[in-house]
Amino acid sequence: MLKFSSMTGNEIRNKFLTYFERNGHKIVASSPLLPANDPTLLFTNAGMNQFKDVFLGNEKRDYKRAVTSQKCIRAGGKHNDLDEVGKTARHHTFFEMLGNFSFGDYFKEDAIKYAWEFLVDELKLEKSRLWFSVFEGDDEVGPDEEARDLWIKVGASPDRVLGFGRKVNFWQMGDTGPCGPCSEVHYYMGDDPLDPQKNRAEFVNGPGDTTMEIWNLVFMQYNRTQNEDGTFALTPLPAPSVDTGMGLERIAAVMQNVKTNYETDLIKPIVEYTASLAKVK
Ligand code: SER
């Protein structure tokens, strides 16, 4: 059985915002779902969208750390979840993303320290249920051994830190824009975390919903641009930065000990109300 007490979606959102505010982050409101001044995006697909020019060094703000709960739509473009909706328990076209951001301030070490502290000390998640992924490197960008070492330094067991390729562990907003290697936290939601047959590395980015990604930490280091001949180039950002994103509905499913996001207090009342209007169960 899970040992922590249940929290509502609103309580989780609030805990996230105030935890990062205590750690020097400015709470910034969610930006509109239609991104302003960005022809590369149809809908806002991540918390970092409203900070794109800050990452690129084209815009200065009076803060270097921010925290948001961003409304997102992923129904087209590079991050398109439409084909997964209804097939998995965890994908939605519309969802809310909790994120902390550093604009040339802290980098990998503090990003990983904050993530660990929030999950283990604040939310009191069991360490034996957590898995971590890091970029294993390819021809363009080398392996992120630093992230691996940092997870182990904060307390992760080395066998729970796994390497993956570009598809899951290198994040970019669209075909162009800020990007970098990323590191994800995955959570085993099954009954017995000590059963090695159930709580297994193969389920991280593997089949089923029992082990699911809850948080993505992007180490923003590059800008991807398109050359006139159509090829793409990678140039370093003015300062290494951090962009993280945790699905509010996913962490709510974890905290409320339910099997799907649809059973959380964020979505279930909407389903029930709709069912009552339609007079169906
Ligand atoms: N931008 C990253 C993502 O959407 C982290 O927020 O996963």
Side-chain angles (χ1 to χ4, degrees), residues 12-13 16-17 19-20 25 27-31 33 35 38 40-56 65-82 84-85 88 90-103 105-108 110-112 114-116 118-119 131-135 141 144 147 164-187 204-205 212-224 237 240-251 261:
I12 296 167
R13 185 195 299 106
F16 187 86
L17 295 174
Y19 168 78
F20 281 100
H25 294 65
I27 299 179
V28 177
S30 176
S31 65
L33 282 169
D38 191 345
T40 71
L41 281 181
L42 181 58
F43 295 117
T44 296
N45 66 8
M48 56 72 66
N49 293 169
Q50 65 168 317
F51 303 117
K52 180 179 172 186
D53 281 335
V54 189
F55 286 120
L56 294 176
R65 299 171 172 214
V67 59
T68 64
S69 185
Q70 175 66 49
K71 295 173 176 64
C72 297
I73 289 188
R74 289 194 172 179
K78 184 166 180 62
H79 298 282
N80 182 8
D81 286 340
L82 199 51
E84 307 297 332
V85 174
T88 76
R90 62 187 195 279
H91 288 95
H92 309 290
T93 47
F94 171 77
F95 64 99
E96 223 171 304
M97 188 188 279
L98 303 169
N100 56 293
F101 307 92
S102 154
F103 312 114
D105 190 17
Y106 63 87
F107 196 44
K108 275 180 210 181
D110 281 341
I112 286 176
Y114 287 140
W116 178 269
F118 185 73
L119 295 174
W131 294 90
F132 308 88
S133 71
V134 297
F135 184 51
V141 176
D144 197 350
F164 287 92
R166 182 162 288 257
K167 194 161 172 268
V168 282
N169 278 108
F170 193 93
W171 200 86
Q172 56 188 73
M173 193 186 89
D175 291 334
T176 59
C179 57
C182 60
S183 190
E184 295 178 340
V185 183
H186 293 245
Y187 185 85
V204 177
N205 293 317
M212 74 168 166
E213 178 204 337
I214 51 173
W215 202 348
N216 186 18
L217 279 52
V218 185
F219 309 123
M220 288 286 188
Q221 276 167 284
Y222 307 104
N223 184 21
R224 172 90 59 198
L237 286 181
S241 296
V242 169
D243 149 35
T244 87
M246 171 153 62
L248 176 64
E249 297 78 3
R250 291 189 185 188
I251 192 68
N261 293 7

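For the single chain, residues carry numbers from 1 onward in sequence order. For ligands, and for the atoms within them, numbers begin at 1 and follow the listed sequence. Every heavy atom of this structure was used, including side-chain atoms; hydrogens, water molecules and symmetry mates were not.
In plain terms, the two heavy atoms of L217 and A115 that are nearest each other are CD2-CB, 3.9 Å.
Taking only nitrogen or oxygen atoms, main chain and side chain alike, V218 does not reach within less than 3.5 Å of ligand 1. Polar contact check, N45 against ligand 1: no nitrogen or oxygen pair lies under 3.5 Å apart.
With a 4.0 Å cut-off on non-hydrogen atoms, R74 touches ligand 1 through its side chain and not its backbone. By the criterion of a heavy-atom distance under 4.0 Å, the side chain of M97, and not its backbone, is placed next to ligand 1.
Less than 4.0 angstrom separates some heavy atom of G245 from each of these atoms of ligand 1: 5 (C), 6 (O). Listed by number with element, the atoms of ligand 1 under 4.0 angstrom from any heavy atom of N216 are 2 (C), 3 (C), 5 (C), 7 (O). Within ligand 1, the atoms closer than 4.0 Å to a non-hydrogen atom of A46 are 1 (N), 4 (O), numbered from 1 in the order shown.
Here F135 and F164 keep their ring centres 6.0 angstrom or further from each other. Taking the six-membered ring for Trp, Y114 and F118 have ring centres at least 6.0 Å apart.
Nearest protein heavy-atom contact of atom 6 (O) of ligand 1 is D243 OD1, 2.9 Å.
Contact annotation: the side chain of F51 approaches that of T68 to within less than 4.5 Å [non-hydrogen atoms, C-beta and beyond]. Side-chain contact between V134 and N169 is absent, with no heavy atoms from C-beta onward closer than 4.5 Å. Within the 4.5 Å cutoff, the side chain of T40 has heavy atoms near those of the M173 side chain.
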